[in-house]
Structures are given as structure tokens and as C-alpha cells.
Amino acid sequence: MTSVAAPTVVHTRAPGKINVFLAVGDLQDDGYHELATAYQAVSLYEDVRARASDTFSVRFSGGIDVSGVPVDGSNLAIRAARLLASTTGYRGGVALSIEKNVPVAGGMGGGSADAAATLLACDALWGTGLSRDDLLHLSAELGADVPFAFAGGTAIGTGRGDELSPALAKGSFQWVLALADFGLSTPTVYHELDEHRRRHSGDISPVRQPVVDAGVLQALRAGDPGMLADSMHNDLQAPALHLEPGLSDVLELGERNGALAGVVSGSGPTVAFLAPDLDGALELQIALSAARLSVVRATGPVHGARIVGD
Ligand code: C5P
């Protein structure tokens with residue numbers, strides 16, 4: 001009988017996301033808002049390498065500024081590894097190296113991708129043998145966006161955003177992402193939305209059960225960027241623009257330079273522009289770079305967390 005040696009290093013990858021539609025309902029007793037969102041995973045990845053260790057540690061590399069990211073026990077990847085260890089009774093630790101490509105505090109779920117890729121990496125490294133469904137279930141304990149980083153593709157999120165149902169999607173969409181040189185705190189953006197609703201409670205209709213617009217589902221099903229551009233929406237965009245008024249100029253610049261539409265991704269500040277096709281995306285990338293914005297191109301949808309064979 002041959003025995004399979006435990007791997008010394010496991011390499012996994014999970015994607016960042018864009019919320020092509022995000023409707024926010026009321027604040028619930030648990031401090032979260034009820035959401036209805038359409039997620040698309042895009043080709044900006046977090047690469048996690050996990051090595052056996054007696055302790056838990058994380059270090060970062062890549063082109064993204066990680067100065068604001070903690071590397072102690074509050075780091076989401078370390079919390080993911082510890083959660084898997086405590087759930088399975090595993091007694092060792094892990095040394096994590098994360099190559100970051102998704103902006104920090106950018107509204108694209110970079111920390112969530114770290115957590116999703118870490119769960120998968122540690123499960124393989126430690127031989128704890130959980131199923132993909134078990135890991136998906138566990139991921140919801142780490143944050144509202146973590147299950148989607150694990151699942152990838154295109155999906156509708158309800159509840160906190162963590163109750164996923166797959167959405168039919170055809171073809172590939174071309175995105176140009178304008179990255180900010182600052183971050184926005186997700187709780188602050190939600191709080192700003194609540195405050196705005198409170199201030200204007202007399203003149204805006206009360207929030208009802210949030211739902212994803214039928215036009216979004218139709219556009220994703222048809223793989224039609226023009227149709228998707230017409231129905232993209234994010235309730236967190238107004239509070240993000242209120243906190244960072246300069247983002248309005250970024251949105252305007254993209255739309256003047258060939259974007260079908262732009263939307264603040266998640267709680268921002270990344271602005272995601274939908275281009276009509278690859279040529280349009282390249283032209284837009286050049287125009288925004290010429291205006292000294294930091295820009296990357298991405299396509300979506302892409303797969304969720306997976307093991308990479310080196
Ligand atoms: O789950 P996650 O850690 O990503 O959420 C960060 C914060 O964003 C929450 O503590 C909450 O303030 C806010 N949030 C929310 N409603 C959601 C998701 C996030 O209010 N559905």
C-alpha cells in the first residue's frame with residue numbers, strides 16, 4: 001500500500017468581487033443590514049500559500065499597499081485558519097503567505113478572498129478533509145462576503161449577503177477598475193446610509209424588503225453588457241460619494257471616456273466601469289491612466305476559491 005505524504009505547501013487562489021447590484025434594507029438587531037445583491041467574481045486574485053507550522057502567522061506580498069492590514073490574530077485569514085482548526089480539532093498551526101492583488105478596504109472583498117482561500121488551503125494542508133459545502137458553510141462565520149469569495153462565478157446574495165443562490169450567466173464582462181489611494185470603512189459607509197435615511201425619513205419612502213432588479217438577472221443571463229449597464233445600481237454609492245466627494249469626478253471621467261456605466265463597488269472606494277468589449281476596456285484604461293488614476297482591468301465571472309497546482 002502506498003501512503004500519500006502530506007503536502008509541505010498548499011497554494012490556493014480566491015477572487016475579488018464586484019456587486020453589480022446592491023439593495024440595502026433596514027438595519028437588523030444583529031447590527032447587519034438585510035441585502036439583496038448580485039455578485040460577480042472578477043479576475044483579480046488573492047494567492048495564499050500555506051505551510052505547516054506550530055503557530056499561526058501571516059505575511060503579505062504583491063503590488064497592493066498592505067500597511068493598514070493587521071498581521072495579528074485579528075487578521076481575517078488567521079481567523080479563518082483558527083476557525084477551521086477549532087472546528088476540526090486540529091492541534092497545529094499554519095504559516096500563511098498571501099500575494100495580494102485585490103485592493104485593501106476597496107469594496108472588492110479582498111479580505112474575504114483571503115479567508116476563503118485560507119480555509120481551502122488549510123483543509124488540504126492539514127488533511128482535515130471537509131467537503132466544499134462544509135467549508136462554504138464555515139465561511140459564513142467569517143463575514144458576509146466570504147461565502148461568495150469561496151463560491152465565485154455569479155450569484156445572488158440575500159440575508160447579510162451570505163445566503164447565496166447561483167445566477168444564470170452567459171459570456172464574459174470586461175471591467176476597468178479605478179483604485180483609490182485610500183480605503184473606506186464598510187461599517188462607516190453603512191452608517192452614513194442609515195443617517196441619510198434618518199435625516200430624510202419624511203421625504204423618502206420607507207425601505208422595503210430589498211430585491212435584485214429583474215433587469216440585472218436578465219442582463220446576466222443574456223451576457224449583454226449594455227443591458228447590465230442600464231440596470232447596475234448600488235445603494236451604498238450615495239453614502240460613499242458623500243464621504244468621498246472626489247469619487248463623483250472619477251465616475252464622470254469614466255463615463256465620458258467610453259464606459260457603458262460606472263458603479264462604486266460594494267462600500268467603495270473602488271469604482272468599477274463596465275466596458276462594451278475588450279477594445280473599449282483598453283481605451284478606457286488608457287484614458288483613466290492618462291488622468292493619473294490607478295487602474296486595472298479585469299474580466300468576470302471567474303471561478304471561486306480553488307487549489308492551484310504549482
Ligand atoms: O461581514 P463583514 O465583516 O464584511 O461586515 C462588516 C460590517 O459591514 C458589519 O459589521 C456591518 O457594520 C456592515 N454590514 C452590514 N450589513 C451587511 C453586511 C455588512 O451592516 N449585510
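If you're wondering where the values come from, they're calculated on a predicted model, not measured in any experiment. All ligand and atom numbering here is 1-based and tracks the order in the structure.
- Partners of Phe56 by ring pair (Phe, Tyr, Trp, His ring centres under 6.0 Å), not counting sequence neighbours: none found.
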Ring pair (Phe, Tyr, Trp, His ring centres under 6.0 Å) for Tyr45 and His303? Distances and angles first, verdict last. CA-CA 10 Å; Tyr45 300 103; His303 55 75; 5.5 Å; yes
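- For His196 and Asp194, the side-chain atoms include no donor-acceptor pair closer than 3.5 Å.
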Derivation of the salt bridge (charged side-chain N to carboxylate O under 4.0 Å, His left out) call for Glu192 and Arg199: CA-CA 10 Å; Glu192 181 64 29; Arg199 283 194 299 267; 3.7 Å; yes
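- Between Thr186 and Ser267, the side chains place a donor N or O and an acceptor N or O closer than 3.5 Å (distance only, hydrogens not considered).
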What short N/O contacts, under 3.5 Å, does ligand 1 make with the protein, listed by atom pair and distance?
| residue | atom | partner | partner atom | Å |
| --- | --- | --- | --- | --- |
| ligand 1 | 1 (O) | Tyr32 | OH | 2.8 |
| ligand 1 | 1 (O) | Ala144 | N | 2.8 |
| ligand 1 | 16 (N) | His33 | N | 2.8 |
| ligand 1 | 20 (O) | His33 | N | 3.4 |
| ligand 1 | 20 (O) | His33 | ND1 | 2.6 |
| ligand 1 | 21 (N) | His33 | O | 2.8 |
| ligand 1 | 21 (N) | Arg160 | O | 2.9 |

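- Looking at Asp133 and Ser131, their side chains never bring a donor and an acceptor atom within 3.5 Å of each other.
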